[in-house]
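Right, one structure below, let's go through it.
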Amino acid sequence: MTNHTYTPGGESIGRNVPRIDARAKATGETVYAGDLQIPGMTYGKLLRSPYAHARIRSIDTSAAKALPGVVAVLIGEDVLDINPYYGHAIKDRPLIAIDRVRFAGEPVAAVAAESLAIAADAVELIEVEYDPLQTVISIDEALAADAPHLHVTQLLKKGLFHGLGDFNLDPGNVCYHHSFARGDADAVFAGADIVVEGEYTFPGIYQYAMETHTTIASWNPLQDEVQLWSNCQHPFLVRAEIADLFGLPQNNVRITVPWLGGGFGSKSYTKMEPITVALARKARRPVRIANMVDESMVTTRRHGMNAWMRTAARSDGTLLAREVRAWFDTGAYADNGPRVVATGADAAPGPYRWEAVKVDSWGVYTNTSSAGSYRAFGASHLQWAGELQIDQIGRQCGLDGLQIRERNLLTPGEYVRPGGKPLDADLIGDIRQAAANLGWGTPKPDNVGRGLSVGLLAAGAHPVSTAFCRMEADGTVTVYGSSTDMGQGVRTVYTQIMAQELALPVSRIRVIGGDTQITPYDRSTGASRSTTLAGMAVKRAGGELRQQLLDIASREFGLPPDALEIRDAAVWHEDESRSFPDLIKAHFGMVGGELIGRGEVRPEQGSGSYAEGPVFWEVCIGGIELEVDQDTGKVRLLKTASVADVGKAINPDQVEIQEMGGIMQGLGNALWEEMLFDPQTGQLLNSTLFDYHIPTFGDLAVEHASSIVENEDGPGPYGSKGVGEGSLAGAIAAVATALYDAGVTIDQLPATPERIWRAMQKERME
Amino acid sequence: MLSAFTLHQPVSVTEASEMLRHYGDDAAIYAGGTELLVLMKERLVHFAHLIDIKQIPGLSSIAVDDAAGSMSIGSLASHRALERSPLIRERAPLLAEVESQVANIRVRNAGTIGGNLCFAEPHSDPATLFVAWDAHFTLASAGGSRTVAAADFFTGLLETAREPDELLTGIDLPLLPSGAGSSYQRFKTHERPAAAAAATLWVEDGRIRDARLVAGSVGIGPERLPATEEMIKGQEPDATLFARAAELAAASVFIEEEGFESAEYKRHLIGVLMKRALAQAAERAAS
Ligand SMILES: Cc1cc2nc3c(=O)[nH]c(=O)nc-3n(C[C@H](O)[C@H](O)[C@H](O)COP(=O)(O)OP(=O)(O)OC[C@H]3O[C@@H](n4cnc5c(N)ncnc54)[C@H](O)[C@@H]3O)c2cc1C
């Protein structure tokens, strides 16, 4: 067992360096967006539509405006001087409803007032007349031949970051279609010994970050400058969209990102920023809009999905072909739907060797709140269905869950999908480890099920990140990076990387971040990319600074740089050393000055497009042992197992915590969480924790065993690759396979006790 | 977002009752606030006057009267206090057990037993338990006080026998003699239980002398199941009897169509839970 304890001054990579934010968070000192007080700030509150689909006949804001303390009221007609439509994939969303609402909860008016209570009172004074329109709440309704169309799709424009190839939509409610095929699927299915087939349903789920969306905007009318404080994951992409919407140069828009109280994808891309900026523009005062939980729940969510899947195999358990059709409910506006649809499709075949695959997936507009990114999107929707079918085939061939996977899993270097990056992980080794962690093969009672699952997730998004670092005259270093620390600990990891590159103790390094006017470009925080890509930029920045120190030292020692070595915060030649402050002083001649290192990551070849990617394949492994109450269908989790195939664990504790958090959230997806929209009104029925259950510690398994696999096969610093999403998708799928092992075939998530009970009833009758 | 209100802090039951009479529909009693303030924040209800009864002395005591064979509990006792009280753990351990499962630690710390009962939310755990335990509630006003059996207190959905100017001041719980046993079984998927069953059995000479069986959380309030009680009275407690009784309980209980589970499934759950409750109550009666 390696000793992972960190000692100041020693190696910092692979050590459990304590979180740099732990103390402030534990003591409540951390400043979040909602804690900020901007001079002159007003408080915003939104009036949201009660209708899922309606024309707005009239809005009367006079009583609200007359209320003392109200500073401004914003409605659709106030934004007609700009093109008010945005959306990073498809520009389909007005920043505030314009003559029509498309989901219950859509902002129709916004009030800025001297206090939140006044704003809330004013909102109640706004009178809106609606003409209700026919709604399409479910995917099936939206796809029906006579369904009303939510958008004039032919006229929609591509967003700034569509990134998914051709864009031309037919009239209807489909906003994206992704498909690929290899081999002759029909022929292989026709000749196969075994075919399993099923239809599957996945619910809409809220990301449930503890902190809701909170944005403060100020608009300086003299300079047309916008300043935003927003708890967003992708500040640079938000900046570009705000600049585009309001016709401003990008450097007139500044976004500062405080610490986040969780993201999980809910704060990716642009969310509440446009409406907050528009309200600040009208109010001519800074304004804060802080969602309540029920408002954040209709701001973004995970896609619900209906799918059909079949898998063919030979009687010896050799997998042959898979065919998938999946429809993703993206709600009223596309948000990140197109990419979720594409990655979901890509992950659908699973990491197996197929003779033929055929996959089609669609993004579908419905009159519900819009759906976007959610941790582990792509793998979460279909891995469970695919893995369940693998076990169904295994049972018919007399192979257990480990054997059938060992027989069919891809090996490193094989192609995962036509084109793109070949497999960069040892999946067979990983799944064996998961099985071992679970106690595979040991005796157990009939009502206990054990399940494994393995999948891949296209991770990394676009590989563009930059960073720089400054070494001050006293030898301390500040790292400038724009990855958002939303609880995953990215700033701690950057500290470690910089400490390693410059042989400094972590206490001498500071990371600042998330300010588009100060810290350099980073594409986004998501897709398990921050350590791998932004971390690489940080490493390169540190490397460049290190080189400068060596060059200076080389002049000072009169020796070539390769005769020198950096350790213990100094440059050494044999047992003679010059400290960093010494070298900086020597370089600048006086007491001041600083060295600046710069690092960047960009596509190594090609354009970094989605088709050429991914940056790496994130491994999604799961192992679960559970017990099913035969009378009620209630599940008790006995053991969870995880395997983090991370190339190199820069901070093993953080890796393990990511794994556990992913599993916990995955269990929520698999067993409890489901947003219920009223089938008639489209209103969200369970918007409080009374009726929307997220996992608590009491729900967790009695035992958890995790392993970290370090094959140094990742593209990130020190051979690392990202972590944080794989265990989530793995856990969902392992719940499905473990239930199958316990005699329950589930085709709809979450697998509630009632659904399990019904599945058992069906099984008993057959 | 709370709208403005005036907070009153009476120091006696009489004073509180007079305030209730004075402000009428504009006032509400405020104990722990865990139900009331949530509704007010959601702007589902509004009261211009909140009458905070926490300054009234003596309303959170817990005591046993051995001569009367009963335990008395003040209405302001928090769930947490009931869960942790050494006296309750020793003399009425089932109450401590049930209380430890109510809600979550924050709600248990602030929420009072009186608030739970007066709100008469159909998924209340203590309501179901108290009906099965034949508890009696004391209601007091400026005009005097009266006692109401738990079974008569819950009159409908969020409705009780309490008059607008009355306070619930205390609960009287009979201590079970030896030969009697009680059990409470709940099933939950969300914050509040989806179904619950409570059974109290008095066993004499190997036969069930008396029984109080109650289904909870599935209807508009706790429901006593007299037909099932009759069926087991005079019988020997055994698994076959309990299976038949559970079937009858499930078949006869009223199920309200609401919540996350279907009526069919909730009916099934009542059967499962009643069977488990009967078995445990019989076991406790025998020990
Ligand atoms: C998240 C959550 C989960 C919960 N889960 C459960 C559960 O699992 N099981 C369960 O049984 N309960 C559950 N509850 C209910 C909980 O037990 C009650 O909220 C709590 O006991 C109410 O007490 P309170 O003192 O806060 O009442 P308050 O909110 O102060 O009052 C509630 C109502 O009763 C009235 N009232 C209060 N005290 C008196 C009195 N002495 N006389 C007359 N009227 C009075 C008030 O006017 C008000 O109408 C849950 C509640 C929450 C918020």
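Letters A, B, ... are given to chains in the order of the sequence lines, protein chains preceding strands, and every chain is numbered from 1.
No more than 12 heavy-atom neighbours from other residues, nucleotides or ligands sit within 6.0 angstrom of CZ on B:R84. Taking a 6.0 Å sphere around CZ of B:F153, one finds it holds more than 12 heavy atoms contributed by other residues, nucleotides or ligands. The number of heavy-atom neighbours closer than 6.0 Å to NZ of B:K41, taken from other residues, nucleotides and ligands shown, is 12 or below. A 6.0 Å sphere centred on NZ of A:K762 holds no more than 12 heavy atoms belonging to other residues, nucleotides or ligands. Counting heavy atoms of neighbouring residues, nucleotides and ligands inside a 6.0 Å radius, atom CD of B:Q101 exceeds 12 of them.
Heavy-atom distances place no part of A:E674 under 4.5 Å from chain B, backbone and side chain included. Heavy-atom distances place no part of A:L685 under 4.5 Å from chain B, backbone and side chain included. Interface remark: A:D121 contributes backbone and side-chain atoms alike to the contact with chain B (heavy atom separation under 4.5 Å).
Of residues 105-130 of chain B, not one residue has a non-hydrogen atom less than 4.5 Å from any non-hydrogen atom of chain A. Along residues 253-267 of chain B, the residues that come nearer than 4.5 angstrom to chain A, judged on non-hydrogen atoms, are B:F260, B:E261, B:S262, B:E264, B:Y265 in order of number. Listed by sequence position, B:F187, B:K188, B:T189, B:H190, B:E191, B:R192 are the residues of residues 185-193 of chain B in contact with chain A, using a 4.5 angstrom heavy-atom cutoff. Scanning residues 291-298 of chain A against chain B with a 4.5 Å non-hydrogen threshold yields no residues.
Ranking B:M1, B:E42, B:K275 against chain A, the residue ahead of the rest is B:M1, based on heavy-atom pairs under 4.5 Å.
The heavy-atom pair separating B:H268 from A:D631 by the smallest distance is NE2-O, 2.6 Å.
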